[in-house]
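To start, the structure itself, in C-alpha cells.
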There are 2 protein chains.
Amino acid sequence: MSAVEESWTRALERILELTVLLHQDAARGLARDGLTTSRATLLWKLREIGPAPQRRLAEELDVSPRNVTGLVDALEATGFVTREHDPADRRASLVTLTEHGASVVERLRRQRDELARDLFGAMPETRFDAFTAGLDDVLRRLHTLVAEEARAADGAAPS
Amino acid sequence: MSAVEESWTRALERILELTVLLHQDAARGLARDGLTTSRATLLWKLREIGPAPQRRLAEELDVSPRNVTGLVDALEATGFVTREHDPADRRASLVTLTEHGASVVERLRRQRDELARDLFGAMPETRFDAFTAGLDDVLRRLHTLVAEEARAADGAAPS
DNA sequence: GCAGGTTGGTGTAGCTTCTTCACGATGAGT
DNA sequence: ACTCATCGTGAAGAAGCTACACCAACCTGC
C-alpha cells in the first residue's frame with residue numbers, strides 16, 4: 001500500500017474515532033436528562049415535525065412500528081410525551097411533546113449549538129471552509145456508494 | 001444566532017449525518033459476514049493484540065467482563081475464535097482467532113482500505129490535506145472537551 | 001504449607017433496542 | 001354491507017449491555 005493510500009486509511013480511521021467520541025459524548029449527555037439515544041432521536045423528530053401518529057414516526061426513524069410503540073411507552077412513562085387522540089382517525093394516536101419534553105429538546109438543541117461553537121469557533125475561517133468543503137465531498141461520495149450498494153443488493157435479491 | 005454560528009451547526013449536523021451513514025454501511029457489510037458491530041470490534045482488537053484473556057479484552061473494549069463472555073460465546077459458536085488454555089493461568093482462557101476468523105478480519109481490513117480509497121481517492125490533494133487538517137483540529141477539540149467533562153463529572157461525584 | 005485476599009470467568013437477573021408474526025379495531029372503497 | 005388496507009399492540013425472541021454473586025485458581029505472608 002502506497003503512502004498516499006495509507007494517508008487515506010488514516011483519515012478514515014480518524015473519522016471513525018470521531019464517530020465513536022461523538023456517540024459516547026451524546027449518550028452521556030442524554031443520560032443526564034434520563035434519555036437514551038433512541039428515545040432522544042424520537043423526541044428530536046417530534047420537535048421537527050410536530051405531533052405525529054406512530055406510523056409516521058416509524059417511517060421517519062426507519063424502524064418498525066412495533067419499536068415505536070415501545071419507545072413511546074417509555075417516553076410516556078417518564079413524562080416526555082403523551083398519546084393524544086387523533087380526531088381524524090380513531091385508530092391512530094398523536095404522539096405529542098409534553099411541556100417537559102419540549103423544554104428538554106430545546107436544551108438539547110442549545111447544547112448541540114454549543115458543541116458546534118466549541119468545535120469550530122476557534123478555527124480560522126479559511127480552514128473551516130476547507131474542512132466543510134472536504135466534508136461535503138466525503139458525504140457525497142458516501143451517499144453515492146450507499147446508493148450503489150443498495151442497487152446491487154436489490155439486483156441480487158429483488159424484493 | 002448569527003450566520004457564522006449557523007454554519008457551525010450545519011457543519012456539525014453534516015458530521016452527525018456522516019456518522020450515521022458510516023455506521024449503517026459498516027453494519028450492513030458486517031452482516032454479510034455473519035457479524036455484528038460488537039463482535040467485529042472484538043475480532044478487530046484480537047487482530048491487533050493477538051490471543052488475549054477475556055479480561056484484557058474487556059479493558060481494551062471498555063465493556064464489562066461479563067459482556068465479553070457473551071461475545072466470545074457467540075464468536076466461538078460461529079467459528080471465528082476459540083478459547084485456548086492459558087498455560088500460565090489455569091483460570092484464564094486465551095481467546096484466539098481461528099483461520100476463518102483471521103481471514104474474515106483480513107477481508108474487513110481490505111474493505112476499510114477500499115472505502116478510504118473510494119472516499120478520498122478522487123479528492124484533489126490540497127483539499128484532502130485541508131480536510132484532514134480540519135479533522136485533526138476537531139478531534140483535538142473534542143478530546144479536550146471530553147476530558148474536561150470527565151474531570152467535571154469526577155469533581156461532582158468522585159468515585 | 002496454608003489461611004486470606006485477589007483475580008478470571010460465568011450463572012442469574014434485568015434493561016434497552018430491535019425484529020417478525022398475529023390479531024383486533026378502525027377506516028375506506030365498491 | 002363487504003372487503004381490504006392500515007394503526008397500534010401482544011407475544012416471542014435475538015443481541016448488547018449492566019450489576020451482583022459465586023467458584024476456582026492464583027498469590028501473599030506468616
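In the text below, chain A, chain B and the rest are named by the order of the sequence lines, each starting its count at 1. Atom set for the values below is all heavy atoms of this structure, side chains included, hydrogens, waters and symmetry mates excluded.
- The base of dG9(C) lies outside donor-acceptor range of the side chain of R66(B), with no N or O pair under 3.5 Å.
- Residue pairs meeting the ring-ring contact (aromatic ring centres under 6.0 Å, His included) criterion with at least one partner in residues 38-85 of chain A, sequence neighbours excluded, are F80(A)-H100(A).
- Computed from coordinates, the D73(A) CG to dA11(D) P distance equals 13 Å when rounded to whole Å.
- R83(B) comes within 4.0 angstrom of the backbone, heavy atoms only, and of no base.
- For the pair L42(B) CG and dG9(C) P, the interatomic distance rounds to 12 Å; values are reported in whole Å.
- Side-chain N/O atoms of R56(B) include none lying less than 4.0 angstrom from OP1 or OP2 on dG8(C).
- A 4.5 Å side-chain heavy-atom check between R39(A) and L30(A) finds every atom pair outside the cut-off.
- In the hydrophobic clustering of this structure, W8(A) groups with L18(B); members are Ile, Leu, Val, Met, Phe, Trp, Tyr whose side-chain heavy atoms approach within less than 4.5 Å, directly or through other members.
- Among dT6(D), dT9(D), dG9(C), the nucleotide with an atom closest to any side-chain atom of T69(B) is dG9(C).
- When heavy atoms are screened at a 4.0 angstrom cut-off, T37(A) is found touching no nucleic acid atom at all.
- Of the two residues near DNA chain C, V68(B) and T36(A), the one whose nearest nucleotide lies more 5' is V68(B).
- For S64(A) and R91(A), each mapped to the nucleotide of DNA chain C holding its nearest heavy atom, the one lying further toward the 5' end belongs to S64(A).
- Atom CG of N67(B) and atom P of dA15(D) are 13 Å apart (whole Å).
- Between the CG atom of L94(A) and the P atom of dC7(D) there is a distance of 12 Å, given to the nearest Å.
- Put simply, CD on E59(B) is 11 Å from C1' on dG8(C), counting in whole angstrom units.
- Pairs passing the side chain to side chain donor-acceptor pair (under 3.5 Å) check and including a residue from residues 112-126 of chain A, sequence neighbours excluded, read R109(A)-D113(A), R112(A)-E13(B), D113(A)-T9(B).
- Checking dA25(D), dC7(D), dG9(C) against every side-chain atom of D89(B), the shortest atom distance belongs to dA25(D).
- When the C1' atom of dC7(D) is taken as reference, atom CG of L57(A) falls 12 Å away, rounded to whole Å.
- For S38(A) and dC18(C), the shortest distance from a side-chain N or O to OP1 or OP2 is below 4.0 Å.
- Distance, L75(A) CG to dC15(C) P: 17 Å, rounded to whole Å.
- Between R39(A) and the phosphate of dT16(C), there is a side-chain N or O to OP1/OP2 separation shorter than 4.0 Å.
- As a whole-Å value, the separation of L71(A) CG from dT19(C) C1' is 13 Å.
- Residues Q24(A) and V146(B) have side chains not in contact (no heavy-atom distance under 4.5 Å, counting atoms from C-beta outward).
- A close approach under 4.0 Å does occur between a side-chain nitrogen or oxygen of R90(A) and OP1 or OP2 of dG27(C).
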